[in-house]
Amino acid sequence: MIEYAEALAMVLAAAKSLPAETVPLAAALGRTLARDVKAREAVPPFTKATMDGYAVRAEDTRAPAAAAPGQGRAVVELAVLEDLPAGRVSRRSVGAGQAVRIMTGAPLPRGADAVVMVEDTEAAGRTVRVRRQVKPGDNIGLLGEDLGKGELALAKGTLIGPAEIGLLAAAGQARVPVARRPRLTVIATGDEIVEPGERRGRGRIRNANGPALTAMALQAGADASYLGIARDRDASLAARLARTKGADVVVLSGGVSVGDYDLVKGGLGSSGVRPVFWQVRIKPGKPVFFGRRGRQLVFGLPGNPTSSLVTFLLFVRPALDRLLGRTAAGAPAGRAVLDEAVAVKPGRTQFLRGRLVGPGPVLKVAPYPDQRSGVLRSMVHGRVLIVVPAGASRLEAGREVEILFADGRSS
Ligand code: AMP
Ligand code: MG
């Protein structure tokens, strides 16, 4: 049996990034950038007003010496050259004693170096009275202040979320180079397993893992498909495995223990899967199997629903991240303080299902009271795994621990 870190290293070593493809920006959500993207255009592409008001030369707004103290606020009067709405470029140049009435988003006219907010002015025919002094740069956005032309907008390996889409759009990027989504196939196994919508006979249970693992794969960015339930017979498993040829990743649930009907390892061997490891010193999920068939990665996850989902997070998710060329591989890790003591049997690295308890300022975490691997509610209850090192038998309340965010979001 090998340690968790060793097993993870073997998975990562086997998972190479997939080739790139180009997609329209609107389809890039949740994808991973396959190349560095440099800004085609500066953002913003010109220096602009960030307030409605008057574009001026800041030095012209200095209070005149005549405005003696005690006579109210100083007022400067400037000649208004024109009105400038957003989207129009001024042909005029603002000279001494002059101003242009400008709207938010309009390009700053030549000569001006600041905008006086409309609230600090008083229009008077073709002139404006300015009641507050401004400094150069006030109420304007500088050309390229968000992103200079040619500057790195987003680095290769970045997961594209809504803000990244906004930045790419702002820089004029209509199509985006992304990693191809890994094709992942899920197969459930077991004579006792019945799909949720079907009649359940005596002694049989619902298929929780098929849908849950498919969902995890989708959430991790894979192009996931589900191949149904293989029965605990070599022929049934072989028939399903025969349909996984085009998959980058195959995930099976159940049948990897040492029971008489645990056929997965043998069945995988007969269909050309070379084993890399079987059994890892972790809890839950000890019987997990990993093998390869050419470039295809094959995971046999234990059937207990919690073991299945935890081992997906620990091994399959990092592999998918690598296939996608993501900068970070695996569930995001963090640190938190135990809200209560936990006692465990030493010997294996444990991944307790827990939840964050609020409110801050310190991130606190509490384990679900029932940690048996058949109890899937432990994973519905919270979104974190508490990592308990193999040597530990008791961790006191207040102790800092490593946590993994099971839903892939750390904030
Ligand atoms: P196995 O790993 O096949 O020995 O299964 C371990 C336990 O998990 C057994 O109690 C199975 O009935 C249960 N199990 C296996 N596959 C699934 C599944 N797809 N959904 C829910 N429970 C399962
Ligand atoms: Mg089984």
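Atom set for the values below is all heavy atoms of this structure, side chains included, hydrogens, waters and symmetry mates excluded.
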* With sequence neighbours excluded, tell me which residues meet side chain to side chain contact (heavy atoms under 4.5 Å, CB included) with R31. => E21, V23, V178, R181
* Asked: If you take all heavy atoms of M379 and V310, which pair is closest and at what distance?
  -> SD-CG2, 4.1 Å
* Take R175 and T22 through the test side-chain hydrogen bond (donor to acceptor under 3.5 Å, both in side chains) and record every step on the way to the result. => CA-CA 6 Å; R175 297 176 63 75; T22 303; 5.4 Å; no
* Structure fact -> Minimal heavy-atom distance between N304 and G374, with the atoms involved, is OD1-CA, 3.5 Å
* Could you list all the salt bridge (Lys or Arg N to Asp or Glu O under 4.0 Å) pairs where at least one residue sits in residues 391-403, not counting sequence neighbours? => R335-E400, R394-E396
* Check for a donor-acceptor pair, side chain of S236 on one end and backbone N or O of A230 on the other, with a separation under 3.5 Å. => no
* To do: Locate the shortest heavy-atom distance separating A49 from M103; write the atom from each residue and the value.
  => CB-O, 3.8 Å
* Does any non-hydrogen side-chain atom of T158 lie less than 4.5 Å from one of T32? -> no
* Not counting sequence neighbours, list each pair that qualifies as a salt bridge (Lys or Arg N to Asp or Glu O under 4.0 Å) and has a residue in residues 182-195. => D191-R233
* **Residue pairs involving residues 352-380 (criterion ring-ring contact (aromatic ring centres under 6.0 Å, His included); sequence neighbours excluded)** => Y368-H381
* Spatial distance of atom CE (M1) from atom CD (E6) [nearest 0.5 Å] -> 11.5 Å
* Backbone of P318 reached by a side-chain donor or acceptor of D321 within 3.5 Å -> no
* **Any pair counted as ring-ring contact (aromatic ring centres under 6.0 Å, His included), so long as it reaches residues 346-366, sequence neighbours left out** => Y4-F351
* **Side-chain heavy atoms of L8 within contact of L314, under 4.5 Å** => no
* Give a yes or no on whether the backbone of A13 and the side-chain of K16 come within a donor-acceptor separation of less than 3.5 Å. => yes
* Asked: Are D60 and L78 close enough that some pair of their side-chain heavy atoms sits under 4.5 Å apart?
  -> yes
* Structure fact -> With sequence neighbours left out, the residues meeting side chain to side chain contact (heavy atoms under 4.5 Å, CB included) with R88 are E82, L84, P85
* Quick one: do I386 and V342 satisfy side chain to side chain contact (heavy atoms under 4.5 Å, CB included)? Show the steps, please. => CA-CA 10 Å; I386 304 166; V342 296; 5.7 Å; no
* Can you list every salt bridge (Lys or Arg N to Asp or Glu O under 4.0 Å) pair that touches residues 139-167, not counting sequence neighbours? -> none
* Heavy-atom check, side chain of V115 versus side chain of V134, under 4.5 Å -> no
* Asked: Of the non-hydrogen atoms in A15 and A319, which two are nearest, and what is the gap between them?
  -> CB-O, 3.8 Å
* Asked: Does the T311 side chain pair with the main chain of S307, one donor and one acceptor, at a distance under 3.5 Å?
  -> yes
* To do: Would you check if the side chain of R129 reaches a backbone N or O of V76 as a donor-acceptor pair within less than 3.5 Å?
  => no
* Asked: So, do R322 and S17 sit near enough that their side-chain heavy atoms are less than 4.5 Å apart?
  -> no
* Structure fact -> Applying side chain to side chain contact (heavy atoms under 4.5 Å, CB included) to A170 and not counting sequence neighbours gives V43
* **Side chain T349, main chain I282, donor-acceptor under 3.5 Å** => no
* Asked: Checking salt bridge (Lys or Arg N to Asp or Glu O under 4.0 Å) for the pair D248/R180: CA distance, chi angles, key distance, verdict?
  -> CA-CA 11 Å; D248 301 298; R180 174 168 74 69; 3.0 Å; yes
* Asked: How would you list all residue pairs meeting ring-ring contact (aromatic ring centres under 6.0 Å, His included) that involve residues 292-313, not counting sequence neighbours?
  -> F290-F299
* Asked: With sequence neighbours left out, which residue pairs that include part of residues 101-117 fulfil the side chain to side chain donor-acceptor pair (under 3.5 Å) condition?
  -> D52-T104, D83-R101
* **More than 12 heavy atoms from other groups under 6.0 Å of NZ on K265** => yes
* To do: Would you indicate whether the side-chain heavy atoms of V298 and V249 approach each other to under 4.5 Å?
  => no
* **For R281, side chain to side chain donor-acceptor pair (under 3.5 Å) partners two or more places apart** => E3
* To do: Quick one: closest heavy-atom pair of W278 and S257, and the distance?
  => CZ2-O, 4.0 Å
* Asked: Backbone N or O of T244 within a donor-acceptor pair of the Q296 side chain at under 3.5 Å?
  -> yes
* Asked: Which heavy-atom pair separates Y226 from G210 by the least distance, and what is that distance?
  -> CE1-CA, 3.7 Å
* Under the 3.5 angstrom rule, does the side chain of D370 hit a backbone N or O of R372 as a donor-acceptor pair? -> yes
* Asked: S271 side chain to G267 main-chain N or O, any donor-acceptor pair under 3.5 Å?
  -> yes
* **Partners passing side chain to side chain contact (heavy atoms under 4.5 Å, CB included) against P211 (at least two apart in sequence or in another chain)** => N207
* Is atom CZ of R231 surrounded by more than 12 heavy atoms (other residues, nucleotides or ligands) closer than 6.0 Å? -> yes
* To do: May I ask you to decide if P302's main-chain N or O and S308's side chain share a donor-acceptor pair within less than 3.5 Å?
  => yes
* Do the side chains of L142 and I140 get nearer than 4.5 Å, heavy atoms only? -> yes
* Decide yes or no for L356 and V384: does some side-chain heavy atom of the first lie under 4.5 Å from some side-chain heavy atom of the second? => yes
